[in-house]
2 protein chains.
Amino acid sequence: MSIEKDINQKEFKNAFQKVYINLMYTNSWMQDLSKTWCKQFDITQQQYNVLRILRGAHPNCMNPGSIKQVMIDKSPDLTRLIDRLIDKEYVQRETCGSNRRKVDVIITQKGLDKLSELDPHEDGMLDNVRNLSEEEANQLSSLLDKLRNSRDE
Amino acid sequence: MSIEKDINQKEFKNAFQKVYINLMYTNSWMQDLSKTWCKQFDITQQQYNVLRILRGAHPNCMNPGSIKQVMIDKSPDLTRLIDRLIDKEYVQRETCGSNRRKVDVIITQKGLDKLSELDPHEDGMLDNVRNLSEEEANQLSSLLDKLRNSRDE
DNA sequence: CAGATGTAGTTGTTTAAACAAATTGTTTCC
DNA sequence: GGAAACAATTTGTTTAAACAACTACATCTG
């Protein structure tokens, strides 16, 4: 369905307002799917994102600061997000040896196992965007990159 | 900057995973801008969205159910969102005459004034997406519409 | 027209997001 | 080498999101 029909708005001020609203609407739609997907595995989207980041670093550890830099949705409260991952025993945390202001966070075996459990189901999630051809998907990615460049740097 | 650099991930599983992550990342980036924009006017994004919907209906009223249908980001707790708009005196609420299960919500003059105050600043917000040409913006909108069609109906 | 079913909103409660201020540790620079 | 500036994370507190359970009303069906 077109965005016009979805939100019952006949016309937009211009193409920029339309794409702006369309992006937010599409994201909300996708968040719903993603949240539901994560929920069946008893994990939140952000926790999943952080776990994957830590798996990328494994067997090295990462500091909250550098985790935050590469998070998709930057949480202002990484401390307590990590607290919750510790509760679930998916990560460990200890003071960094070389710089005691910093904290080392590392994914545990249990965390790695959890991700392995989810991996085979990822395609099911991605099916939600498979209405696009591969070429269109790439095109969309490029447009998004270009969009962000307007102010990013 | 490309999504690869932004989240420091060298490669993706495929074009679909990439576009999926790129969308969420772009949205988070845009949410930040939008939130900051709204904040200077002491309003939240959702409140702004609801006010605009009600202005579209004005001088008619709308029920929470139909507001929710056309919201960009559908809140599960519209009752209290409207409570907050009532606190600010931007809307009024009363039981619907013809169907007493329903509630009539209508924007007040103060609400309309508030929107008029924000209107001239909207272009400033849209500047964030003006790195795209008009044609690219339209193309992006179409791709987003197509993306959502995968499961929507 | 009574009981069942469905609909529209609301309320209670748990949990997490947001933001500012504070804490702790490291550099820098006279 | 000590004060000032900065950096990395944490904590406190206010506010809102999430979800389920609930109330009140309408409609349908026999």
Side-chain angles (χ1 to χ4, degrees), chain A residues 24 27-29 31-50 53-54 61-88 91-106, chain B residues 24 27-29 31-50 53-54 61-88 91-106:
Chain A
M24 293 199 292
N27 185 73
S28 171
W29 168 87
Q31 288 285 322
D32 280 349
L33 294 169
S34 173
K35 210 174 283 177
T36 306
W37 186 87
C38 284
K39 209 171 165 184
Q40 59 182 145
F41 303 110
D42 193 31
I43 197 171
T44 68
Q45 295 166 283
Q46 293 217 329
Q47 288 172 8
Y48 183 47
N49 187 213
V50 169
I53 289 167
L54 287 172
C61 57
M62 283 182 84
N63 316 121
S66 45
I67 293 173
K68 193 169 182 171
Q69 270 179 9
V70 296
M71 279 180 78
I72 295 171
D73 189 2
K74 287 141 187 28
S75 163
D77 195 5
L78 205 41
T79 302
R80 277 173 281 210
L81 201 164
I82 291 169
D83 285 347
R84 283 168 222 132
L85 287 173
I86 290 173
D87 286 346
K88 292 179 175 173
V91 307
Q92 285 181 335
R93 172 171 56 190
E94 56 187 50
T95 307
C96 174
S98 61
N99 185 337
R100 308 204 335 178
R101 279 174 307 187
K102 292 188 180 180
V103 164
D104 285 340
V105 182
I106 189 167
Chain B
M24 294 199 292
N27 186 72
S28 170
W29 169 85
Q31 288 285 322
D32 280 350
L33 294 168
S34 174
K35 208 173 287 177
T36 306
W37 186 86
C38 284
K39 209 171 164 184
Q40 60 181 146
F41 302 110
D42 193 30
I43 197 171
T44 67
Q45 295 166 282
Q46 294 216 328
Q47 288 172 8
Y48 183 47
N49 187 213
V50 170
I53 290 167
L54 287 171
C61 57
M62 283 181 84
N63 316 121
S66 45
I67 294 173
K68 193 168 180 173
Q69 270 178 8
V70 297
M71 279 180 78
I72 294 173
D73 188 1
K74 288 145 187 25
S75 164
D77 195 5
L78 205 42
T79 302
R80 276 172 282 211
L81 202 163
I82 292 168
D83 285 347
R84 283 169 221 131
L85 287 172
I86 291 173
D87 286 345
K88 292 178 175 173
V91 307
Q92 285 181 336
R93 172 170 56 190
E94 57 187 49
T95 307
C96 175
S98 61
N99 184 338
R100 306 200 338 174
R101 279 174 306 185
K102 293 189 179 180
V103 164
D104 286 341
V105 182
I106 189 167

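Heavy atoms only: backbone and side chains are in, while hydrogens, waters and symmetry mates are out. Each chain gets a letter, A, B and so on, in the order its sequence line appears, and its residues count up from 1.
- For the pair Thr95(B) and Arg100(B), the tightest heavy-atom approach, listed with the atom from each and the gap, is CG2-O, 3.7 Å.
- For Gln40(B), the CD atom sits in a packed shell: over 12 heavy atoms of surrounding residues, nucleotides or ligands are nearer than 6.0 Å.
- Contact annotation for Lys39(B): backbone-only contact, meaning every heavy-atom pair under 4.0 Å involves sugar-phosphate atoms and none involves a base.
- Once rounded to the nearest 0.5 Å, the distance linking NZ of Lys74(A) with CG of Asn49(A) reads 8.5 Å.
- Scanning both residues, Gly97(A) and Asp104(A), for their nearest heavy atoms gives N-OD2, 4.3 Å.
- In this structure, Met71(B) CE and Asp73(B) CG are separated by 6.5 Å, a value rounded to the nearest 0.5 Å.
- Here Leu78(A) contributes atom CG and Asn63(A) contributes atom CG; the two are 10.5 Å apart, rounded to the nearest 0.5 Å.
- Taking only side-chain nitrogens and oxygens, Arg101(A) never comes nearer than 4.0 Å to OP1 or OP2 of dT24(C).
- When base pairs are accepted only as Watson-Crick or G-U wobble with both N-N or N-O distances under 3.5 Å, DNA chain D takes part in stems of 3 or more pairs at C:1-30 with D:1-30.
- Here the NZ-OG distance, from Lys35(B) to Ser28(B), works out to 8.0 Å after rounding to the nearest 0.5 Å.
- Mapping Gln46(A) and Asn99(A) onto DNA chain C by nearest heavy atom places Gln46(A) at the nucleotide closer to the 5' end.
- Per the geometry, CZ belonging to Arg80(B) stands 6 Å off C1' belonging to dT11(C), to the nearest Å.
- Protein chain B contacts DNA chain D from dA16(D) to dA26(D), reading 5' to 3' and using non-hydrogen atoms of the protein with a distance under 4.0 Å.
- Between the CG atom of Asp83(B) and the P atom of dG9(C) there is a distance of 14 Å, given to the nearest Å.
- Residue Arg84(B) is classed as a sugar-phosphate contact, given heavy-atom separations below 4.0 Å to backbone atoms only.
- Ranked by how close their nearest DNA chain D nucleotide is to the 5' end, Lys35(A) and Pro64(A) are led by Pro64(A).
- Of all the heavy atoms in Pro64(A) and Ile82(A), the pair that sits closest is CG-CD1, 4.3 Å.
- For the pair Met71(B) CE and dG9(C) P, the interatomic distance rounds to 14 Å; values are reported in whole Å.
- For the pair Arg100(B) and Leu78(A), nearest-nucleotide mapping onto DNA chain D gives the more 5' position to Leu78(A).
- At most 12 heavy atoms of other shown residues, nucleotides or ligands fall within 6.0 angstrom of atom CG in Asp42(A).
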